[in-house]
Amino acid sequence: EGDVAERSLALARGLGDRVTVAGFSLGGLLTSWIAQREDVARAVPLIPFLGVLGLPVRIAPAAAALALRLPNTFRWWDPIRRERQMPEHGYPRYTTHAIAQLYLLAHELLETARTQPARAKEIVVVTNKREGAVNNRAIAILVERWRALRGDVETFSFDDLPISHDIIEPSRHSWTAERVYPDIIRLLAP
C-alpha cells in the first residue's frame, strides 16, 4: 500500500532536516497518501490520481473490486496511436489491476481524510482546470476533507492550459511544460 513511498521518505529524511514531497498523477496520489500519514515539511500533490474523469467517487471502490475479479489486461493510453505515442520513454500501456489498486489506495486515503487530519505541515494541491483524465471532483473532496479538519490546505489551479493530463512532460507538449514549470518550482520551495 505505500511501502515504496514510505521507504523513499525514510531515505529522504536521512538526507536533510526538511523534506518536501511532490509527485504527479500516481506520484500525486502517493504524495497525498504521505501528506495524510506522515509528518513532512511540505507536500505538493500535482494533479493526483484519485480517480478517472467521469467515474463518480462513490462507485470507484465497487469498480475497483470488479476490475480485480476480472482477468488483468493491458490497455493502451491512446488506442489509436498505441506504441507510437509520445514520449518514447513513456509507458504506452497500463494494466487494469494496477488502476484498480490505485483506486483502492485513493479510497483508503479519502476515507482516512474524513476522520483524521493530514500530518504534513504544509500542503498545496495542484489541479488543471481542463484536466483530461483525472477526476478533479475527487481531488476537491480530498481538499474539503483536509480543510474540515485543519483548514490550512492551499490549492493552485492551472486555468489556462489545453485539455490534457500530462502537463509536465517536455517531450510531449514543450510549451505546456515551459508554462507550468515556473509555478511548480515556486510551489515546491516557497
Legend entry - Nearest non-hydrogen partners of Ala43 and Thr31, listed with the distance: CB-CG2, 4.1 Å
Inset, instruction - Quickly, which of Lys121, Arg119, Arg13 forms a side-chain hydrogen bond (donor to acceptor under 3.5 Å, both in side chains) with Asp39? Name it, please. - result: Lys121
Legend entry - Inter-residue atom distance Leu109.CG - Gln116.CD, 0.5 Å rounding: 11.0 Å
Legend entry - Side-chain touch Leu30/Leu105, heavy atoms, less than 4.5 angstrom: yes
Inset, instruction - Kindly indicate, with the supporting measurements, whether the criterion side-chain contact (heavy atoms from CB on, under 4.5 Å) is fulfilled by Val21 and Leu9. - result: CA-CA 8 Å; Val21 181; Leu9 180 59; 4.2 Å; yes
Inset, instruction - Identify whether Leu66 and Ile59 are in the same connected component of the hydrophobic contact network (ILVMFWY, side-chain heavy atoms under 4.5 Å). - result: no
Inset, instruction - Taking all non-hydrogen atoms of both residues into account, name the closest pair between Asn128 and Pro162 and its distance. - result: ND2-O, 3.9 Å
Legend entry - Approximate separation, where rounding is to 0.5 Å, of Leu188 CG and Arg42 CZ: 7.5 Å
Legend entry - Asp160 side, atom CG; Arg130 side, atom CZ - distance, nearest 0.5 Å: 9.5 Å
Legend entry - Cluster overlap Leu50 with Leu68, hydrophobic side-chain contacts below 4.5 Å: no
Inset, instruction - Drop me the distance from Leu46's CG to Phe158's CZ, to the nearest 0.5 angstrom. - result: 8.0 Å
Inset, instruction - Begin from the C-alpha positions of Val126 and Glu154 and carry the test side-chain contact (heavy atoms from CB on, under 4.5 Å) through to its verdict. - result: CA-CA 9 Å; Val126 179; Glu154 296 177 47; over 6 Å; no
Legend entry - is_close_aromatic(Phe74, His97), centroid dist under 6.0 Å: no
Inset, instruction - Check Ile139 against Pro48 and note the closest heavy-atom contact, atom names and distance. - result: CD1-O, 3.5 Å
Inset, instruction - Flag the pair Ile141 / Val57 as yes when at least one side-chain heavy-atom distance between them is below 4.5 Å, and no otherwise. - result: yes
Inset, instruction - Examine distances only and state if a side-chain atom of Tyr103 and a backbone atom of Ala62 form a donor-acceptor pair shorter than 3.5 Å. - result: no
Legend entry - Glu38 side chain to Trp33 side chain, donor-acceptor N/O pair below 3.5 angstrom: no
Inset, instruction - Check whether Leu53 and Leu110 end up in the same hydrophobic cluster, where Ile, Leu, Val, Met, Phe, Trp and Tyr are linked by side-chain heavy atoms less than 4.5 Å apart. - result: no
Legend entry - Criterion salt bridge (Lys or Arg N to Asp or Glu O under 4.0 Å) on Glu111 and Arg114, from CA distance to verdict: CA-CA 5 Å; Glu111 288 304 304; Arg114 186 187 302 270; 3.1 Å; yes
Inset, instruction - State, with a plain yes or no, whether a side-chain heavy atom of Arg150 is found less than 4.5 Å away from one of Arg145. - result: no
Inset, instruction - Output, in order, the C-alpha distance, side-chain angles, deciding distance and verdict of side-chain contact (heavy atoms from CB on, under 4.5 Å) for Ile47 and Ser25. - result: CA-CA 5 Å; Ile47 312 170; Ser25 197; over 6 Å; no
Inset, instruction - Look at the side chain of Asn135 and the backbone N and O of Leu55, then say whether any donor-acceptor pair between them is shorter than 3.5 Å. - result: yes
Legend entry - Worked verdict on His165 versus Phe24 for side-chain contact (heavy atoms from CB on, under 4.5 Å): CA-CA 10 Å; His165 176 59; Phe24 174 78; 3.8 Å; yes
Inset, instruction - Compare every heavy atom of Leu102 with every heavy atom of Leu29, then report the nearest pair and how far apart it is. - result: CD2-O, 3.6 Å
Legend entry - Interatomic distance, Ser8 atom OG to Ile34 atom CD1 [nearest 0.5 angstrom]: 7.0 Å
Inset, instruction - Kindly say whether Ala98 contributes a backbone atom to a donor-acceptor pair with the side chain of Thr95 at under 3.5 angstrom? - result: yes
Inset, instruction - Drop me the distance from Ile99's CD1 to Leu104's CG, to the nearest 0.5 angstrom. - result: 11.5 Å
Inset, instruction - Flag yes if Trp146 and Leu149 sit in one hydrophobic cluster, no otherwise; membership is Ile, Leu, Val, Met, Phe, Trp, Tyr, and two members link when side-chain heavy atoms are under 4.5 Å apart. - result: no
Legend entry - Backbone of Thr73 reached by a side-chain donor or acceptor of Thr96 within 3.5 Å: yes
